[in-house]
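Labels below follow one simple rule: chain letters A, B, ... track the order of the sequence lines, proteins then strands, and each chain is numbered from 1. All figures in this text were calculated on a predicted structure; none of them were measured in a lab.
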2 protein chains.
Amino acid sequence: MVTTSIKEVARHAGVSVGTVSNVLNRPELVAEPTRQRVVASIDALGFVRNESARALRAGRSRTVGLVVLDVANPFFTDIARGAEDVADANDMVVTLCNSAEDLGRETRHLAHLEEQRVRGVLITPVDTGSTRLDQLVHRGIPLVLVDRGSPQADRCSVAVDDVLGGRLAVEHLVATGHQRIAFVGGPMSIPQVSDRLAGASGAVEGTPTDLLTIETSSLSVQGGRDAGEQLARLAVGRRPTGVFCANDLVALGLLQEMTRGGIQVPADVAIVGYDDIEYAAAAAVPLSSVRQPREQLGRAAAELLFDEINGSADHRHQHLVFEPDLVVRDSSRLPARATKR
Amino acid sequence: MVTTSIKEVARHAGVSVGTVSNVLNRPELVAEPTRQRVVASIDALGFVRNESARALRAGRSRTVGLVVLDVANPFFTDIARGAEDVADANDMVVTLCNSAEDLGRETRHLAHLEEQRVRGVLITPVDTGSTRLDQLVHRGIPLVLVDRGSPQADRCSVAVDDVLGGRLAVEHLVATGHQRIAFVGGPMSIPQVSDRLAGASGAVEGTPTDLLTIETSSLSVQGGRDAGEQLARLAVGRRPTGVFCANDLVALGLLQEMTRGGIQVPADVAIVGYDDIEYAAAAAVPLSSVRQPREQLGRAAAELLFDEINGSADHRHQHLVFEPDLVVRDSSRLPARATKR
DNA sequence: TCATCCTACTGAAACGTTTCATGAATGAAG
DNA sequence: CTTCATTCATGAAACGTTTCAGTAGGATGA
């Protein structure tokens, strides 16, 4: 691997290394003819800046880390996109790290980020109580919690209001006339699940609507299928006519099981999911779902981070909460009886 | 941000910086009591290695870049997982970059990787003819092409045999008795699509089977729906009874349109997709699909890369081609007429 | 006893930048 | 003609490591 250094560029252009550096970083300090000569030499030699040397001298890098639970999940991909946008605008680079919900991997990534002297970290931690994060904060590395972990005084956080999301979904079911509604999701130990259930409960309060809870062992298609089987076994008169699922995978599994059992969606059972994943709209019956402002979440997180990085003096830690909204599709639409094609 | 350097550790432990460095990198050269003293100081001061300084001095970093077309695509996530495994074993780190099929983003990522002096790059390029890659190779940075770009003498590549994949799918349809088969996918300018079609053509050659081609404008659910509409309009006697789709999204769209039109899958039309995405098994009718050895692809790519990095002298560029296999599910299963539950 | 070899450690150079005090050249003002 | 700014460019120090030639002090062998 042949590498050209600033020194060789300097020699080639007949100037000092300081001048080359100035051309790169503060071109306004360099006379135009000189500048052009140096630029020409850079091109001729194929010079590429050595970021390590730069970072070493500067004492800080130009990267921030983004550690997510699952890179394959569109939720995090969209967050990453938002964060990258903001980083770009600040002449920074985002290093994307996938913890895959594995504490060991998360720890290794954080260690490597520290060794790289990243300017800050955006993270959805595997374990919200991890002391690894406190360590980072303690070392003075700005940190923003994304969609997990309770607000703490010494760091910023961004999140989406899951209680509101649950409420929106179930209010919609109530409004379209359902009197027996089920919440399907689990395990309840996941804060997102219990928050969404709390919202659902809130929505039926004061109405004559029944809310049945079916806890699944995981937020997966299989979990939805299992719950669907349970529902299908109920007598028609006791079966919920509206179901709110804690996420879209569960909803898809449920939908599949309903179809298999000859139960019509939405005529017999209306379904609302959560997350609005790409496949929600592409399901056998397009799925109503609660959509989170994912990209906005990433942007906001990055902005908080850069605010802390740049103006560390007067930075105030904040805890932003965003509002989700409901996307209504066929799976919960009132059957349009008198409509022709 | 407070940072402790090796110098302070040395002072704290009462040794020279060289000794601290040895404790870190070649502990066998250090007497045990000294080593323990230094380790204690490191812990006490919360020392974290400065990777920039290390890389600068060493003249090379410990990272390789992996540039993918879409981080959200499980195909690439699995490749990443495979590559990371291999990197881990070599004490290297993978930097994951998402080009999102955007040439500008790809270029920026590559530039940044170069500035970081990565040891090598694994890439599925946006534009296979890009001179940016030649530049990298020319600068002596090892490069492995992943699943795109024709084999070149100056770099390794790994790929999956798409012709074989197409053949497997259609041979299966032929074997289960279908005499009118359709290939659905497009645009044909994508090599993967035309290769899969070529395999499909090969499979019907010499058989009395008809192969109809329906070109879609994109490999999306919508593309599948549009094709499905076309198929549904055909008279039953002329309609293909088996369909091979160029990917699973198309297959899902097609499946959805069939269901909507009252055409039974697989009784009236059998469907085979490609990629075996997570949702394939979770579709309304679980989808048969051609599965690619994704993680293995990532492993192989990384192994080729490290081979080139480590033994640059006697490294021979290779072009590996992996074989996909067919996963048969309900969507193409012969209806089991006499089977009870 | 001396020569030789080991072991454990030291001290300084080097990596490629950025930054800053310094200096040379030019032109303007008096 | 001197003085003073202003504009450009220079050269060296510094960043935190790793590496390598040295060296001190035993231990070993003759």
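Here D:dA12 presents its P atom at 16 Å from CD1 of A:Ile6, a figure rounded to the nearest Å. Between A:Arg35 atom CZ and D:dT7 atom C1' there is a gap of 17 Å when expressed in whole angstrom units.
Base engagement by A:Gly18 is indicated by at least one non-hydrogen atom pair under 4.0 Å involving a base atom. In this structure, A:Ser21 reaches the bases: a heavy-atom distance under 4.0 Å links it to at least one base atom across the strands shown. Among the atoms of the strands shown, only primed sugar atoms or phosphate atoms (P, OP1, OP2) are found under 4.0 Å from some heavy atom of A:Ala31. Residue A:Thr19 is in base contact, counting any heavy-atom pair closer than 4.0 Å across all strands shown.
A:Gln192 and A:Asp147 form a side-chain donor-acceptor contact under 3.5 Å, judged by distance and modelled atom types alone. Judged purely by distance below 3.5 Å, without hydrogens or angles, the side chains of B:Gln152 and B:Arg155 pair a donor atom with an acceptor atom.
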Can I get a per-line list of side-chain donor-acceptor pairs under 3.5 Å for residues 115-123 of chain A, giving both atom names and the distance, sequence neighbours left out?
residue: A:Arg117; atom: NH1; partner: A:Glu114; partner atom: O; Å: 3.0
residue: A:Arg117; atom: NH1; partner: B:Arg49; partner atom: O; Å: 3.1
residue: A:Arg117; atom: NH2; partner: B:Val48; partner atom: O; Å: 2.7

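Under a 3.5 Å cut-off, the side chain of B:Ser21 and the backbone N or O of B:Val17 do not form any donor-acceptor pair.
You can see that DNA chain C meets the heavy atoms of chain A within a 4.0 Å-exclusive cut from C:dG16 to C:dT19, reading 5' to 3'.
Checking B:Arg37 against A:Leu24, the closest nucleotide of DNA chain C that is more toward the 5' end is the one next to B:Arg37.
In this structure the side chain of A:Leu113 reaches within 4.5 angstrom of the side chain of A:Val67, judged on heavy atoms.
Here A:Cys97 contributes atom SG and A:Arg105 contributes atom CZ; the two are 9.5 Å apart, rounded to the nearest 0.5 Å.
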